[in-house]
Protein chains: 2
Amino acid sequence: MSDNIRELETSSVIGLNAIIIAVTDEVPRILTVYDTGQLPVSPLSSDQMKPIIDDTVALPFGPFDPKNHRTLELGLHNWVEKQTGLDLDYVEQLYTFGDRHRDPFERAGGPRLVSVGYIALVRQVPLSGAGEAEWQNWYDFFPWEDWREGRPLIIDSTIKPHLKRWVEQIVDSQEREINRERYSIAFGIESAGWDFERVLERYELLYEAGMIGEALRDSQIRAFISGRSNPFVEDKSIEIAQSLGTVMALDNRRILATALGRIRGKLKYRPVVFDLLPATFTLLQLQLVVEALGGVRLHKQNFRRLVVTGGLVEATGQRDSLSRGRPAELFRFRREAISERTASGVGLPAARI
Amino acid sequence: MSDNIRELETSSVIGLNAIIIAVTDEVPRILTVYDTGQLPVSPLSSDQMKPIIDDTVALPFGPFDPKNHRTLELGLHNWVEKQTGLDLDYVEQLYTFGDRHRDPFERAGGPRLVSVGYIALVRQVPLSGAGEAEWQNWYDFFPWEDWREGRPLIIDSTIKPHLKRWVEQIVDSQEREINRERYSIAFGIESAGWDFERVLERYELLYEAGMIGEALRDSQIRAFISGRSNPFVEDKSIEIAQSLGTVMALDNRRILATALGRIRGKLKYRPVVFDLLPATFTLLQLQLVVEALGGVRLHKQNFRRLVVTGGLVEATGQRDSLSRGRPAELFRFRREAISERTASGVGLPAARI
DNA sequence: AATAAATATACTCATAATGAGCATATATAT
DNA sequence: ATATATATGCTCATTATGAGTATATTTATT
């Protein structure tokens, strides 16, 4: 049935990726590191191949060392602390990424890099530690995901026309229909609106359509490996890719898209934001954090009603002084809310199938 | 920053676990295999140590072979097909399990077994292939999770009293309070009701309280490893453990608990059940599948309203003949429902924080 | 001091979703 | 013909949601 796994010869390596999230000044930020040639993608910067795309921004990454760490999560805590000085509090496993295409340079027979992604939510921003870690605006990587100032112009100016043309150009009619539907669902073309959780679906479409910088980079690498000449890339394509956000190493931006979708989904049914806020906060602060992650504006009075009547927060009696108008009351998170079925997801009996 | 992972010496092994789910005759079933001494836990059955618990039931498991498989998911498809003859359709990654405690026999320096769990939903039941795979009632492993015939008696007769005693006996007062709250949330003691999604939390409490067979087994193994004599286990404890469901190898039952919680959560906002049903079905069949997974009874008329008015299904015009009373109409799943925001999750604007 | 602007908080109201039940329709079993 | 089983349709009270108006309390400006 199952081989004895003690004897199984392996050719894969387990690493851990950290998506460390903080919200400050109404900006959702993630921690990035610079990755100049250490990762297997390095040949890009060799003089054999002139890279058309700069992809040196990466997610913090560390190996998993089973000798010293009882659990994956403890391993993560350990090297994140060393690299950034951050002491992670809320940590949640995101996904395990092990596709071959995540590293276009993997040689046949070379070890497969499998990495387990973890989301961490933190309050602090100050960094110390050994690395050159840096906070970056999450929406720098996904300019089409932030709707707080209205529908992003890039959607109608760039994304929709090019994506549409890409769909129409597909030769196989069945495949064309499938992708037309994917496009329609992901970008809310007809009937349906924009679903803020479909971040990954949108990213994948843009990648497949060759509009994202990573797609250009990967096709260049593939050509290089197979000994073909550099594929011809129009200036126009590079321009489009640049307008579609910062490129990251390997499949890191895909991981980031997965994380954003996950966090947005969780907002709806788990009191997750409180790990991003100080112990007491005004309702406006709370709302701004939710809006930052959701990428959308909410109705202030209804938000208050939801959160107060729903028993998620309770007033402290103190008030905030720094604001401009009438001072807001300070609230704290009601831990008991977790156990009360109203607050944390409507449960199954309200089955939505 | 990050070491060159190409050179990283590894001492972990990646495996894949499949949780293959089908619902037949109103029973949710999962596929299990027999695991007699192949897995690292084998010394249990050696004559050096007389096992007090039989734990030969396991989840299908296969190694991940990066040489031959482009993605983790493809690797899974491959060996599941070989072992069971099943052609998996809907597959979703569950979680990556890499804790040291998942294998009490891991020696210091031995390879760590990291396994990526996948959930698969299938319609068929007939099995072929090389293995001695077998379908088992999911609730045989979690007798307290099926509320369809009312509140399971075991909760009040066994679980609550013993768990309560375990909490009270904790010496550190702060730790005691934490566990009192965990207990109260997980089993819906006060204010809150029973939350059908908290399957893992309930399982973990029972494990920590030493009530589950796996807990007895693991403490025996630990004693054996550290050269201590067998811990004294009361007959009463074994009796309790037996009443709390079938024991599985390693941490397989924990994985199963994670899966049940995940599936139940998804029921609420994703049209997931349709992969368990034939192309056309009556609304009763649909409801029975949802109830089987949810472990709860639903209001028939409201279920119909939800599913029909919500646009999740559409009538075919044909009717089912086999039933006893008035023949039911056959419905089919409306694929378009995925793109219509109503059916698939309420989206963020209805932010529940 | 008076007024404007900004922010917080309270309340209203129409509409939609949910939970529970009664009523009717159409089949099989006796 | 009658009982029983199941499917389907409809009502109604309650709660949740989305959008707005009204009022309160502060700082900034004149």
Side-chain angles (χ1 to χ4, degrees), chain A residues 26 147 193-194 196 267-269 280-288 290-291 294 296-331 337 340-353, chain B residues 26 193 196 267-269 280-288 290-291 294 296-331 337 340-353:
Chain A
E26 308 178 31
W147 287 53
W194 182 274
F196 287 91
L267 279 180
K268 280 200 319 242
Y269 61 97
T280 65
F281 44 81
T282 68
L283 293 186
L284 181 58
Q285 288 176 306
L286 175 60
Q287 182 176 346
L288 288 173
V290 171
E291 290 178 342
V296 69
R297 288 264 168 251
L298 302 174
H299 184 284
K300 190 171 181 170
Q301 297 92 317
N302 290 347
F303 182 81
R304 159 181 290 265
R305 179 179 60 189
L306 188 74
V307 118
V308 175
T309 319
L312 263 178
V313 297
E314 63 188 357
T316 63
Q318 297 168 298
R319 23 198 84 253
D320 178 60
S321 49
L322 308 161
S323 61
R324 180 95 160 61
R326 171 175 173 176
E329 181 149 22
L330 286 172
F331 287 77
E340 291 160 12
R341 76 178 335 11
T342 358
S344 49
V346 212
L348 208 150
R352 199 155 272 138
I353 292 249
Chain B
E26 306 177 35
F196 286 91
L267 279 181
K268 278 199 321 242
Y269 60 96
T280 65
F281 43 81
T282 68
L283 294 186
L284 180 59
Q285 288 175 307
L286 175 60
Q287 181 175 348
L288 287 173
V290 172
E291 289 178 341
V296 69
R297 288 263 168 254
L298 301 174
H299 185 284
K300 191 170 181 173
Q301 297 93 317
N302 290 347
F303 182 81
R304 160 179 289 264
R305 179 179 60 190
L306 189 74
V307 118
V308 175
T309 319
L312 263 177
V313 297
E314 62 188 359
T316 62
Q318 297 168 297
R319 24 199 81 255
D320 179 61
S321 48
L322 308 160
S323 63
R324 180 95 159 58
R326 172 175 172 178
E329 181 150 24
L330 286 171
F331 287 77
E340 291 160 10
R341 69 180 339 15
T342 357
S344 48
V346 212
L348 209 150
R352 198 155 272 139
I353 289 246

Practice problem: Report the C-alpha distance between A/W194 and A/V296 in whole Å, list the side-chain angles of each, state the deciding distance to 0.1 Å, and finish with yes or no for side-chain contact (heavy atoms from CB on, under 4.5 Å). | Solution: CA-CA 11 Å; A/W194 182 274; A/V296 69; over 6 Å; no
Exercise. Measure the spacing between CG of A/D320 and OG1 of A/T280 and express it to the nearest 0.5 Å.
Key: 8.5 Å
Self-check item: d(CZ, B/R297; P, C/dG19) in whole Å
Solution: 17 Å
Quiz item: Between A/R305 and B/R305, which has a closest nucleotide on DNA chain C that is more 5'?
Solution: A/R305
Quiz item: Could you give the CG-to-P distance, from A/L283 to C/dA10, as a whole number of Å?
Solution: 10 Å
Exercise. Decide yes or no, distance alone: a donor-acceptor N/O pair under 3.5 angstrom between the base of D/dT11 and the side-chain of B/Q301.
Key: no
Practice problem: For A/V307 and A/F331, run side-chain contact (heavy atoms from CB on, under 4.5 Å): C-alpha distance rounded to whole Å, both residues' side-chain angles, the deciding distance at 0.1 Å, then the answer. | Solution: CA-CA 11 Å; A/V307 118; A/F331 287 77; over 6 Å; no
Quiz item: With sequence neighbours left out, which residue pairs that include part of residues 297-313 of chain B fulfil the salt bridge (charged side-chain N to carboxylate O under 4.0 Å, His left out) condition?
Solution: B/E149-B/R297, B/E291-B/R297
Quiz prompt | Rounded distance (Å) that lies between atom P of C/dT7 and atom CD of A/Q285 | solution = 13 Å
Quiz prompt | From C/dT7, D/dT6, C/dA20, nucleotide with atom closest to A/K300 side chain | solution = C/dT7
Quiz prompt | Nearest-0.5 Å distance that lies between atom CZ in A/R319 and atom OG1 in A/T282 | solution = 11.5 Å
Exercise. Find the distance A/F303:CZ to D/dG20:C1' and express it as a whole number of Å.
Key: 19 Å
Exercise. Using whole Å, report how far NE2 of A/H299 lies from C1' of C/dC13.
Key: 12 Å
Self-check item: Between D/dT6 (P) and B/Q287 (CD): distance, integer Å
Solution: 13 Å
Practice problem: Mind checking the CG-CD spacing from B/L284 to B/E26? Nearest 0.5 Å is all I need. | Solution: 7.5 Å
Quiz item: When you measure from the side chain of A/L306, which nucleotide among D/dT8, D/dT17, C/dA20 comes out closest?
Solution: D/dT17
Self-check item: Atom pair NE2/CG of B/H299 and B/L306 - distance to nearest 0.5 Å
Solution: 12.5 Å
Below 3.5 Å between N/O atoms, which protein atoms pair up with nucleotides 26-30 of chain C? Just atom names and distances, please.
| residue | atom | partner | partner atom | Å |
| --- | --- | --- | --- | --- |
| C/dT26 | O2 | B/R326 | N | 3.4 |
| C/dT28 | O4' | B/R324 | O | 2.7 |

Self-check item: Nearest-angstrom distance from the residue atom CG of A/D320 to P of D/dT25
Solution: 17 Å
Quiz item: For DNA chain D, whose closest nucleotide is more 5', that of A/N302 or that of B/F331?
Solution: B/F331
Exercise. Could you state the atom-to-atom distance from CG of A/L298 to P of D/dA19 in whole Å?
Key: 11 Å
